[in-house]
Amino acid sequence: MTKTRWGALCWVLCAVTIVPQILAALQWPQTYSWSTNLISDLGVTACGTYNVGTDVERAICSPWHLAANASTVANGLLTGAGAVLLFSVWPKLRQGQWAMALLVIGGVLVALVGLLPWDLYPAAHEVVALVQPFFQWAGMILLLLAVRGSARFSGIAVVSLAGVAVSVAGFTLFLSGVAGGPTLGLGLGAAERLAFDTLTLWSLAAGLLLLRLPAAGTTSTADPPGQLTSRRR
């Protein structure tokens with residue numbers, strides 16, 4: 001396979017990392033609430049009641065925390081590896097390369113979230129988790145610019161625009177919920193998943209779209225419109 005297809009496959013596999021989270025949630029002695037429990041709760045290493053006396057007080061006991069944290073690390077590494085392999089694929093090369101660089105940073109930060117369980121490293125975990133989406137949003141926005149005007153990559157533009165919009169909306173509701181404000185009925189956990197799981201689903205959608213692209217022939221995927229004609233003269 002080409003580097004493009006390997007990179008696309010890495011992004012598709014990001015979605016597979018959701019499966020260990022589901023399995024970890026099913027192992028809780030009490031019910032894991034997809035509405036009120038946070039994603040990080042799945043990776044907490046010790047059972048107990050956390051954030052006592054606050055609006056987000058909750059009981060946590062995640063026997064499969066290692067699987068949950070490993071899946072988060074894998075998600076980040078796959079995101080970054082895919083971006084490296086797709087570094088020179090895009091029609092507007094420089095913007096595409098900056099986009100991929102930002103996605104690599106975002107992927108590394110996702111991996112760090114899994115390596116820094118919330119109960120063991122609360123401050124570091126929260127900082128990394130809250131900073132990470134900004135790098136991925138920036139990368140997705142730059143990717144929009146890198147494929148603008150290219151019919152070949154029009155699907156990438158659509159899913160990137162939708163992904164940023166939905167993720168930012170979810171993140172805003174999540175911060176509102178943390179501050180004690182409204183989440184429009186989603187609950188804190190669901191708002192957080194809207195913010196962060198949307199980014200994983202974007203990787204899946206973008207990867208699938210890239211896999212559907214016909215293999216490049218004599219024309220480089222990085223060629224802007226009209227470039228081939230000028231080269232043949």
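These numbers come from a predicted model, not from an experiment.
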| field | Distance-only side-chain donor-acceptor flag, Ser62 / Asp41, under 3.5 Å | value |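 No, because no side-chain N or O of Ser62 sits under 3.5 Å from a partner of the opposite role on Asp41.
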
**Asked** Going by atom types alone, do Ser160 and Trp202 pair a side-chain donor with an acceptor below 3.5 Å?
**Response**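 A donor-acceptor contact under 3.5 Å links the two side chains.
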
Kindly compute the distance separating [atom1] ([X]) from [atom2] ([Y]), expressed to the nearest 0.5 Å.
X	Y	atom1	atom2	result
Asn37	Leu42	CG	CG	7.5 Å
Leu66	Thr45	CG	OG1	9.0 Å
His125	Trp118	NE2	CH2	8.5 Å
Trp90	Arg152	CH2	CZ	10.5 Å
Thr36	Leu186	OG1	CG	12.5 Å
Leu116	Leu120	CG	CG	9.0 Å

(request) Report the C-alpha separation of Phe153 and Leu210 in whole Å, then their side-chain angles, then the decisive distance to 0.1 Å, and conclude whether the side chain to side chain contact (heavy atoms under 4.5 Å, CB included) test is met. (result) CA-CA 8 Å; Phe153 293 96; Leu210 288 169; 3.9 Å; yes

Side-chain donor/acceptor of [X] to backbone N/O of [Y], under 3.5 Å:
X	Y	answer
Ser167	Val164	no
Ser33	Ser35	yes
Asp119	Val44	no
Thr17	Leu13	no
Ser150	Pro91	no
Ser203	Leu199	yes
Arg58	Tyr50	no
Ser71	Pro20	no
Tyr121	Val113	no
Gln30	Ala59	yes

Hey, does [Y] have a side-chain heavy atom less than 4.5 Å from the side chain of [X]?
X	Y	answer
Leu93	Ser88	yes
Ile18	Thr200	yes
Thr172	Val168	yes
Cys14	Leu204	no
Val178	Val56	no
Cys47	Pro29	no

With a 4.5 Å cut-off on side-chain heavy-atom distances among I, L, V, M, F, W and Y, is there a chain of contacts connecting [X] to [Y]?
X	Y	answer
Met140	Val110	no
Ile141	Trp11	yes
Val73	Trp64	no
Ile105	Leu115	yes
Leu86	Leu143	yes

query = What's the verdict on side chain to side chain contact (heavy atoms under 4.5 Å, CB included) for Leu173 and Leu184, showing C-alpha distance, side-chain angles and the deciding distance?
reply = CA-CA 8 Å; Leu173 291 174; Leu184 300 183; 3.7 Å; yes

Taking every non-hydrogen atom, the tightest pair across [X] and [Y]:
X	Y	result
Gly207	Val12	C-CG2, 3.6 Å
Gly43	Asn69	O-ND2, 3.0 Å
Pro117	Gly114	CD-O, 4.3 Å

### Message
Determine whether Leu85 and Cys10 satisfy the following criterion, side chain to side chain contact (heavy atoms under 4.5 Å, CB included), listing intermediate values before the conclusion.
### Response
CA-CA 9 Å; Leu85 291 166; Cys10 284; 4.2 Å; yes

Problem set entry | side chain to side chain contact (heavy atoms under 4.5 Å, CB included) between Arg193 and Ile39, worked out | CA-CA 7 Å; Arg193 288 194 173 276; Ile39 300 172; 3.7 Å; yes

For Phe135 and Trp137, what are the C-alpha separation, side-chain angles and deciding distance, and is it a ring-ring contact (aromatic ring centres under 6.0 Å, His included)? CA-CA 6 Å; Phe135 283 93; Trp137 295 335; over 10 Å; no

Anything under 30° is parallel, anything over 60° is perpendicular, the rest tilted; go ahead and classify Phe196 against Phe171.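 If you compare the ring of Phe196 with that of Phe171, the planes turn out perpendicular.
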
